[in-house]
Amino acid sequence: LALARLRYGGGDWYANPTSLPNLARAIREDLGLDMRDRDVVVEPLDPELRDHPFLHMTGHGAVDFTSEEAAALRAHLEDGGFLHADDNYGMDAAFREAMALVFPDRELVPIPPDHPVFHMVHSLPEGLPKIHEHDGEPPSAWGIFVDGRLAVFYSHESDLGNGWEDPEVHEVPEPLRRQALQMGVNLFAWALAARSP
């Protein structure tokens, strides 16, 4: 199994380079799964997109999809795929516009702390943890549902990826770093469980 990083146009899709390898190690330890050490990079039009039940994207600014890319991403998510988008600060408006292109008939809605995604493997009763401070705003979780299934999870004002990176990169305190990794394990477990028949 591999964690897939989604490459998109316009922004720094490559941000937080050590985050996914560290999350893969946490998944291996917590779930006992055989995880690839390095993430793979995929684009919406790649034929192998369907091989990756868990897609991750992050960045600080622009998020551009062509109409063909938006349609391909939508088809993947409607077919059981899962997308986690983590705002690394500054991506919010662009991501929301991109999702409106991917899902013009669906809206991002708040995900409450009692949703099962926060309790898949690790129980996070407060919901999305606050990992990195920017504007003094609380963390918020948003989602898009496909046939009742949470198919897109958007973490805003949280910066989970900063907590997944090597400890010396952002100097996130270990308790917060562990919460970030626990949330990541939950998201991956959700993606696998949601795709199972």
Residues that [X] engages under side-chain hydrogen bond (donor to acceptor under 3.5 Å, both in side chains), provided they are two or more places apart:
X      : answer
Ser67  : none
Asn186 : none
Arg7   : Glu43
His76  : none

In plain terms, say whether [X] and [Y] are close enough for a salt bridge, that is, a side-chain N and a carboxylate O under 4.0 Å apart.
X      : Y      : answer
Arg74  : Glu69  : no
Asp87  : Arg96  : no
Glu174 : Arg178 : no

Is there a path of hydrophobic side-chain contacts, each under 4.5 Å between heavy atoms of I/L/V/M/F/W/Y residues, joining [Y] to [X]?
X      : Y      : value
Ile27  : Leu6   : no
Trp142 : Tyr89  : no
Leu55  : Leu108 : yes
Leu23  : Leu83  : no

Mind checking side-chain contact (heavy atoms from CB on, under 4.5 Å) for [X] and listing every partner two or more places apart, or none if nothing turns up?
X      : value
Phe145 : Val109, Ile111, His115, Leu150
Asp51  : Glu48
Asp114 : Pro112
Ala72  : Leu45

Q.
I need the full list of salt bridge (charged side-chain N to carboxylate O under 4.0 Å, His left out) pairs touching residues 128-146, with sequence neighbours left out, sorted by first then second residue.
A. Lys130-Glu133, Lys130-Glu157

Q.
Please give me the minimum heavy-atom distance between Phe65 and Ala70, naming the atom from each residue.
A. CB-N, 4.2 Å

Indicate yes or no: at least one non-hydrogen side-chain atom of [X] is less than 4.5 angstrom from one of [Y].
X      : Y      : value
Phe103 : Val152 : yes
Pro53  : Leu192 : yes
Trp190 : Pro116 : yes
Trp13  : Val41  : yes

Q. Can you find a side-chain donor-acceptor pair between Asn162 and His132 that sits under 3.5 Å?
A.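 Judged by distance alone, the side chains do pair up.
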
(Q) For the residue pair Glu165 / Thr18, report whether a side-chain donor-acceptor contact shorter than 3.5 Å exists. (A) yes

Q) Tell me the side chain to side chain donor-acceptor pair (under 3.5 Å) pairs involving residues 54-65, sequence neighbours left out? A) Asp12-His60, His56-His84, His60-Asn88

Q) Which pairs with one or both residues in residues 31-42 pass side chain to side chain donor-acceptor pair (under 3.5 Å), sequence neighbours excluded? A) Arg5-Asp39, Arg28-Asp37

Q | Qualifying residues under salt bridge (charged side-chain N to carboxylate O under 4.0 Å, His left out), relative to Arg50, sequence neighbours excluded | A | none

Q | Leu160 side, atom CG; Met183 side, atom CE - distance, nearest 0.5 Å | A |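 Answer for the CG-CE pair, Leu160 versus Met183, is 7.0 Å.
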
